[in-house]
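A short worksheet on the structure shown next.
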Amino acid sequence: MDLPRRASLLATLSAAVSAPAEADASPAKARRAARAARAARAGVPEPLPPRLTAPTADPVPTVAPPSRTVDTAYPRRRSTIRPWWLTREAPALGSEDAVVHLARRASWGATPELVAEISAVGRVAWVDAQLNPASVPDAATTDLVASTWPRLRLATWEVHDTYYPSSTGDLGTDVIQAYLARALWSKRQLLEVLVDFWTNHLVVTAPWGDAWDAVHRFHVDVVRAHALGRYADMLVAAAKHPAMLNQLDNGSSTKRSPNENFGRELLELHTVGPGAYPESDVRRSALVLTGLSTDRESGEYYYRHIRHHTGPLSVMDWSDPNASAFGEKVADSYLVHLARHPRTAATIARKLAVRFVSDDPPSALVDRLAQVYLANDTRIAPVVRTLLLSSEFGGSVGQKVKRPLENMVSTARVLGVRPGPATTSWLGDLVWNAKVAGQQPMGWPAPNGFPDVAGAWAGAGTTLAAWNWHMGQGWEATSSTPRVAYPALRGLLPAVVPSTYGALVDALATRLLLAPLPTAKRDAVCAFLDKTPEAAVRSTDAVLGWRLPYVVALVLDSPEFATR
């Protein structure tokens, strides 16, 4: 803007500010009168105009408006639980197909070895063993994590002693890489799938954020410790963990200034779900949780009774006289009550059904799982067992799509990748590629977790990032200095090379996808190689040499591999 125009504008604004107020006095009086009338009807005193408010150095106590006023202003949100009339039954699978289906859904990626393992013991026995992880030997992965990421053993106070007053992303980076290492190589695959499920349910972001000093302990002491146990125990552990208290601001919540973040997300996301409670319950929920805090010096959990609100409280159908400032047991009672609530049972049941069955699971299955949850006092293992052995699960083939991170991890699993000389560098690349695809591990910025429905991952950028990862693994597998250990890609083909290109593509697809490609897609791969399906394969053909990584990537690019 040139100076004359700027001066003119300033003059205009100055005139407007200094203009007499008499011209609009009547409308202003009318507006003030209307506000006063509305405030009187609502039982709330009319605030003074800002220019008449006297300054004060002391905080002025505020009185929350009546619950009815708040509930009228904030209508209930609609629940996402499906109505009973949308129930549908799914057909059962043959035994061989059922094994492959279970391997795809109950792991981070099906492999021929996993399918053989399930086939050898039977689906029921395999599920039961996986639900008792201590019975599944996994020393190699345990040793890898302990030796590669020793900082995960640090207590939060030790992190503070090492880094404070600075913050660091070291612990977050370590816990993300260890979580991926277990997803890739652990024999306890169902546990690792459920660790991912709960990580996405009780969201604490990493590597940076307010939980920088405790996110690693949250993952170990809350998520991993309770992934197959009682949800009531997990919820209490989460609410008293410094990572969650800092993530959702409860560490700074006081009786005079309650922060509603944790109280709200506890109801809406962690337990009963939207539509189950009025808005006024959010404030009462926050008041129950006042006092759950952290120690500034150590960063550890600390109950601050001086911050706890006292007086009778009720949320939904829970109540307590809450007479003492030492209200930690009151908070425990409230959390356990929410965990045992039928609506929480429905929330957890539906989320598990979405993860393992379909984007829109049958309501009959959700209802059945909720009943198992309640009958077993919030224990997760019986719910998962019922789900994985249900007819609805058996009939849900093709109804789930892998999220980007799962696609990339399952790529490495089916290629047989093992730890190598630069495992952490390779895992760092995996994290970066997942971020490009839109799913940086533990990086979802909102407290509701990454979506687990196909429509959320249908973008071209997401697909291209996964395809680039497929191709990159083929290149690294043939590199002279791979960072991790790759079996020779030639080993993906039978020892006796198929005689035709069609048979060769079928064999490669069966090894990578655990089933042949549809005919049209098999023929498309052959056309990529400038061959017909009937063309003979010669020992000197490029498909057995430099072109093999490209063919492997092309098969992994198929929708069949992208299907969970």
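FYI, the numbering just counts along the sequence from 1. Values reported hereafter were calculated over all heavy atoms of this structure, with side chains retained and with hydrogens, waters and symmetry mates removed. Since this is a predicted model, take the numbers as computed values, not measurements.
The closest side-chain donor-acceptor pair between Asp170 and Thr168 falls under 3.5 angstrom. Donor-acceptor pairing under 3.5 Å is lacking for the side chains of Thr378 and Arg230.
A 4.5 Å side-chain heavy-atom check between Val175 and Leu152 finds at least one atom pair inside the cut-off. The shortest distance between side-chain heavy atoms of His101 and Phe393 falls below 4.5 Å. Residues Ser410 and Phe561 form a side-chain contact, since some pair of their non-hydrogen atoms from C-beta on lies under 4.5 Å apart. Between Val193 and Arg105 there is no side-chain heavy-atom pair separated by less than 4.5 Å. Residues Leu194 and Arg224 fail the side-chain proximity criterion, which asks for heavy atoms closer than 4.5 Å.
Glu265 pairs by the salt bridge (Lys or Arg N to Asp or Glu O under 4.0 Å) definition with nothing, not counting sequence neighbours. In this structure, the side-chain contact (heavy atoms from CB on, under 4.5 Å) partners of Ala553, at least two apart in sequence or on a different chain, are His470, Met471.
Sorted by first and then second residue, the side chain to side chain donor-acceptor pair (under 3.5 Å) pairs with a member in residues 445-468 read Trp444-Asn448, Asp452-Arg564; sequence neighbours excluded. Among pairs with a residue in residues 525-547, those fulfilling side chain to side chain donor-acceptor pair (under 3.5 Å) read Tyr501-Asp541, Arg538-Asp541, at least two apart in sequence or across chains.
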Evaluate side chain to side chain contact (heavy atoms under 4.5 Å, CB included) for Asn407 paired with Trp469, printing each intermediate quantity in order.
CA-CA 9 Å; Asn407 189 305; Trp469 176 257; 5.7 Å; no
I would like to know whether Gln177 and Trp149 meet side-chain hydrogen bond (donor to acceptor under 3.5 Å, both in side chains); could you show each step before the answer?
CA-CA 8 Å; Gln177 291 193 357; Trp149 300 281; 3.2 Å; yes
Set out, in order, the CA-CA distance, both residues' side-chain angles and the distance that settles side-chain hydrogen bond (donor to acceptor under 3.5 Å, both in side chains) for Arg182 and Thr141, then state yes or no.
CA-CA 7 Å; Arg182 289 187 172 106; Thr141 307; over 6 Å; no
Pair Tyr486-Gln473, side chain to side chain contact (heavy atoms under 4.5 Å, CB included): steps then yes or no
CA-CA 9 Å; Tyr486 292 86; Gln473 296 314 290; 2.4 Å; yes
Mind running side chain to side chain contact (heavy atoms under 4.5 Å, CB included) on Asp97 and Val397 for me, showing each step along the way?
CA-CA 9 Å; Asp97 291 339; Val397 174; over 6 Å; no
List the steps and the verdict of side-chain hydrogen bond (donor to acceptor under 3.5 Å, both in side chains) for Glu117 and Trp126.
CA-CA 8 Å; Glu117 177 186 326; Trp126 185 83; 3.0 Å; yes
Residue pair Tyr231, Ile348: steps toward the side chain to side chain contact (heavy atoms under 4.5 Å, CB included) verdict:
CA-CA 9 Å; Tyr231 183 58; Ile348 301 300; 4.2 Å; yes
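Checking Thr199, Asp196, Asp174 one by one against Tyr179, the side-chain hydrogen bond (donor to acceptor under 3.5 Å, both in side chains) holds for a single residue, Asp196.
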Report, one line per pair, each donor and acceptor closer than 3.5 Å where one atom sits in a side chain of residues 204-216; sequence neighbours left out.
residue: Thr205; atom: OG1; partner: Gln247; partner atom: OE1; Å: 3.4
residue: Asp213; atom: OD2; partner: His160; partner atom: NE2; Å: 2.5
residue: His216; atom: NE2; partner: Leu154; partner atom: O; Å: 2.8

Output a table of donor-acceptor pairs, distance under 3.5 Å, between side-chain atoms of residues 522-529 and any protein atom two or more places apart or on a different chain; print 'none' if there are none.
none

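Here the side chain of Ser558 pairs no donor or acceptor atom with the backbone of Leu554 at under 3.5 angstrom.
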